[in-house]
Undergrad: 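One structure, as structure tokens, below. Some questions next.
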There are 2 protein chains.
Amino acid sequence: MASMVNVQAGAPGSVSELLDRLDGLGGSLPKRLGQCAEFLRHNIHLVAVSTVADLAAGAGVQPSAFMRFCQALGFSGFSEMQALFRAEYTQFRPDYEERLSQLRERGSQGPEWLAASFAEAGHKSLVSLMNSLDGERLRRAAAVLTEAGTIHLVGLRRAFAIVSYMGYLLDKMRVPTVIHRTAGQIESDHAMRPGDALFAVSFAPFSQETLELAARAGARGIPVVALSDTADCPMRDCARELLVAREVDVGAFRVPTAALTLATALAVAIGGSRENSD
Amino acid sequence: MASMVNVQAGAPGSVSELLDRLDGLGGSLPKRLGQCAEFLRHNIHLVAVSTVADLAAGAGVQPSAFMRFCQALGFSGFSEMQALFRAEYTQFRPDYEERLSQLRERGSQGPEWLAASFAEAGHKSLVSLMNSLDGERLRRAAAVLTEAGTIHLVGLRRAFAIVSYMGYLLDKMRVPTVIHRTAGQIESDHAMRPGDALFAVSFAPFSQETLELAARAGARGIPVVALSDTADCPMRDCARELLVAREVDVGAFRVPTAALTLATALAVAIGGSRENSD
DNA sequence: CCAAATTTGGAATATCTATTCCATCCCTGG
DNA sequence: CCAGGGATGGAATAGATATTCCAAATTTGG
């Protein structure tokens with residue numbers, strides 16, 4: 001009984017713990033169980049709502065093999081493993097459909113309805129962000145800004161919130177940063193010196209000031225990383241890298257959830273790399 | 001066979017269609033089936049991962065009653081109804097866990113990994129926001145700010161992004177708004193006149209300046225609406241309403257997704273109400 | 001290349017879940 | 001107040017689904 005594939009401790013207590021254990025097992029699993037592991041990694045979301053037979057078929061193995069796989073992970077069987085996924089699912093799943101329909105009934109368009117709508121839009125924006133994100137481009141953008149002497153940030157109107165949060169994070173991580181407010185400040189350009197870099201944020205319809213500042217920086221050989229809500233952004237010409245974060249609107253309004261998320265990830269990545277190279 | 005409670009067309013083809021039909025049935029259902037309907041409306045997310053017995057128990061009825069309820073909705077039985085929910089679930093669900101574990105494998109902690117982590121945290125923050133949101137309190141907060149002559153906004157450090165976006169939205173909707181930057185500006189207080197209101201944002205650890213400004217405003221009888229990430233916020237004493245938006249962290253960092261979403265909903269609600277009363 | 005140990009497939013079984021059925025109860029209309 | 005029709009609870013049944021078992025196949029170590 002002690003010579004089984006892998007009988008550690010008890011069963012995992014959460015999905016991420018389970019994934020860790022899966023990584024730990026590495027390639028040490030026999031062929032069929034390996035198939036199960038591979039399939040599970042790519043289809044985590046199916047576990048809560050499928051039968052062993054379905055999952056086994058998906059992984060291309062017999063149900064009994066999948067059972068053995070569950071046991072190798074430390075569970076008593078499939079049911080115990082599924083219970084874990086179901087618990088996690090019921091904990092985190094938003095019931096927007098329900099909530100919105102409820103709110104729609106009694107006097108629509110109140111603040112609560114708006115909050116639910118914006119929250120739902122936020123979910124969609126984040127999903128779309130991760131689906132469309134180009135990891136390689138993001139890495140290059142982070143590299144450009146990591147190597148800069150001082151990072152200059154610019155973004156007006158709705159983009160200013162993004163820039164100000166990024167400025168806060170970078171400053172907290174002791175990365176030399178300047179936030180540009182172009183209004184009536186002609187000296188902006190001269191603050192950018194060779195070796196610096198510019199991070200420019202602008203959403204359609206674009207602020208002329210931001211576009212021009214980015215263009216002048218690009219012309220002077222200062223690398224520009226741009227963030228916009230469309231690939232058609234005019235900055236695509238002057239920018240070394242253009243990142244795109246689309247947002248889902250609620251009527252005429254939106255929350256820049258995806259952009260803020262992407263900008264934060266970028267800032268933290270920059271802060272992390274700088275720290276390492278100090 | 002034709003005299004059953006309600007046998008229309010076929011089974012609903014989607015969850016929202018089902019909700020519509022539920023609304024259509026209105027109060028015409030007998031007591032026990034009504035309990036099922038009520039429970040379903042509030043626990044849509046449970047259907048995909050529960051048994052009839054569980055749901056029936058939750059609704060306080062016998063399994064057989066729940067079966068009749070499913071049939072009244074046009075399904076052949078519970079299984080058919082559950083299949084609908086399971087299908088929608090597998091469609092919508094993003095596989096962050098999977099994505100993260102994939103990214104973890106090859107060179108962890110890159111910008112892409114960070115983006116995925118922050119996106120996942122954003123999802124969780126939004127779910128928790130909507131689970132904990134008190135509609136009544138939000139409505140009162142919106143009312144306080146709607147009735148104000150000028151809305152004063154204050155928030156420093158990480159809270160400034162929230163305030164600046166809210167300021168942008170309110171300004172766009174032609175609501176008189178002032179953003180206070182307390183640094184070295186002593187006249188802040190006098191800008192707030194009777195009839196105005198203050199919206200103060202501060203997250204732990206709180207900025208002393210924000211707390212003091214809010215306290216002085218409260219003492220002068222100017223209504224204060226506060227937004228924080230904890231109910232333990234010191235402003236709870238001076239504020240007319242305290243809104244709470246908790247965020248899920250990634251390591252030492254976070255994206256203020258929930259707070260920004262809530263603040264946006266609030267701003268749009270205010271803008272909408274003002275428009276109506278003009 | 002052989003023997004031992006491990007893994008595998010598939011069928012048999014145990015368990016759990018959905019579904020039906022019917023005696024009883026409760027309303028409703030006369 | 002008394003039928004009569006629908007609604008209800010609970011048990012009985014049919015159907016899935018998980019789980020185990022073991023003979024056959026495969027791999028591993030010497």
Side-chain angles (χ1 to χ4, degrees), chain A residues 1-8 11 18 25-40 43 46-87 90, chain B residues 1-8 11 18 25-40 43 46-87 90:
Chain A
M1 208 56 185
S3 67
M4 288 257 86
V5 173
N6 200 324
V7 185
Q8 311 165 312
L18 181 153
L25 260 48
S28 74
L29 288 169
K31 193 175 162 202
R32 293 283 115 111
L33 301 204
Q35 284 174 243
C36 294
E38 192 56 20
F39 181 79
L40 184 63
N43 297 83
L46 291 180
V47 179
V49 296
S50 304
T51 64
V52 241
D54 291 342
L55 295 177
V61 306
Q62 290 285 327
S64 52
F66 205 94
M67 286 298 305
R68 286 192 294 270
F69 171 68
C70 297
Q71 287 159 357
L73 250 44
F75 297 102
S76 70
F78 173 71
S79 297
E80 193 178 307
M81 172 166 138
Q82 190 177 50
L84 183 71
F85 282 84
R86 290 189 166 173
T90 49
Chain B
M1 205 56 186
S3 68
M4 289 258 84
V5 174
N6 200 324
V7 184
Q8 313 165 314
L18 182 153
L25 259 49
S28 73
L29 288 169
K31 191 175 164 205
R32 293 285 116 111
L33 301 206
Q35 283 175 241
C36 294
E38 191 56 21
F39 181 78
L40 184 63
N43 297 83
L46 291 180
V47 179
V49 298
S50 304
T51 65
V52 241
D54 292 341
L55 296 177
V61 305
Q62 290 286 326
S64 52
F66 206 94
M67 287 298 305
R68 285 193 292 273
F69 171 69
C70 296
Q71 286 158 0
L73 250 42
F75 296 102
S76 70
F78 172 72
S79 297
E80 193 179 307
M81 173 166 137
Q82 189 176 53
L84 183 71
F85 282 84
R86 291 188 166 174
T90 48

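Numbered from 1 within each chain, the chains take letters A, B, ... in sequence-line order.
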Undergrad: For the side chain of P63(A), starting at C-beta, report the closest nucleotide among dA18(C), dT7(C), dT19(D).
TA: dT19(D)
Undergrad: Write down the distance between CZ (R86(B)) and P (dT17(D)), rounded to a whole number of angstrom.
TA: 9 Å
Undergrad: Closest-nucleotide mapping onto DNA chain C: is V61(A) or S64(B) further toward the 5' terminus? I mean the 5' end.
TA: V61(A)
Undergrad: Provide, to the nearest angstrom, the distance between the CZ atom belonging to F66(A) and the C1' atom belonging to dA18(D).
TA: 13 Å
Undergrad: Could you state the atom-to-atom distance from CG of L29(B) to P of dT8(D) in whole Å?
TA: 10 Å
Undergrad: Using a cut-off of strictly less than 4.0 Å, decide whether T51(B) has a side-chain nitrogen or oxygen near OP1 or OP2 of dC16(C).
TA: no
Undergrad: Any donor-acceptor pair under 3.5 Å linking the side-chain atoms of Q35(A) with those of R32(A)?
TA: yes
Undergrad: Counting just side-chain N and O atoms, does Q62(A) come under 4.0 Å of either OP1 or OP2 of dT8(C)?
TA: no
Undergrad: Whole Å only: how far is the CG atom of L33(B) from the C1' atom of dG9(D)?
TA: 13 Å
Undergrad: Nearest whole angstrom, please: distance from the C1' of dA7(D) to the CZ of R32(B).
TA: 10 Å
Undergrad: Nearest whole angstrom, please: distance from the P of dC16(C) to the CD of E80(A).
TA: 14 Å
Undergrad: Give, for atom CZ of F69(A) and atom CZ of F39(A), the distance between the pair rounded to the nearest 0.5 Å.
TA: 10.5 Å
Undergrad: Send over the distance from M67(B) CE to dG10(D) C1', rounded to a whole Å.
TA: 15 Å
Undergrad: Under 4.0 Å between any heavy atoms, over every strand shown, what does A65(A) touch: base, sugar-phosphate, or nothing? Just pick one.
TA: nothing
Undergrad: Side chain of R68(A) only, heavy atoms from C-beta on: which candidate in dT19(D), dT8(D), dG9(C) is closest?
TA: dG9(C)
Undergrad: Compare the minimum distances between each of dT19(C), dT8(D), dT19(D) and the side chain of V52(B), then state the nucleotide with the smallest one.
TA: dT19(C)
Undergrad: Taking the side chain from Q82(A) and the backbone from S50(A), do they hold a donor-acceptor pair closer than 3.5 Å?
TA: yes
Undergrad: Would you confirm whether Q62(A), through its side chain, and A56(A), through its main-chain N or O, come within 3.5 Å as a donor-acceptor pair?
TA: no
Undergrad: Would you say dT20(D) has OP1 or OP2 under 4.0 Å from some side-chain N or O of Q71(A)?
TA: yes
Undergrad: Roughly how many Å is it from CZ in F78(A) to P in dT17(C), rounded to a whole number?
TA: 12 Å
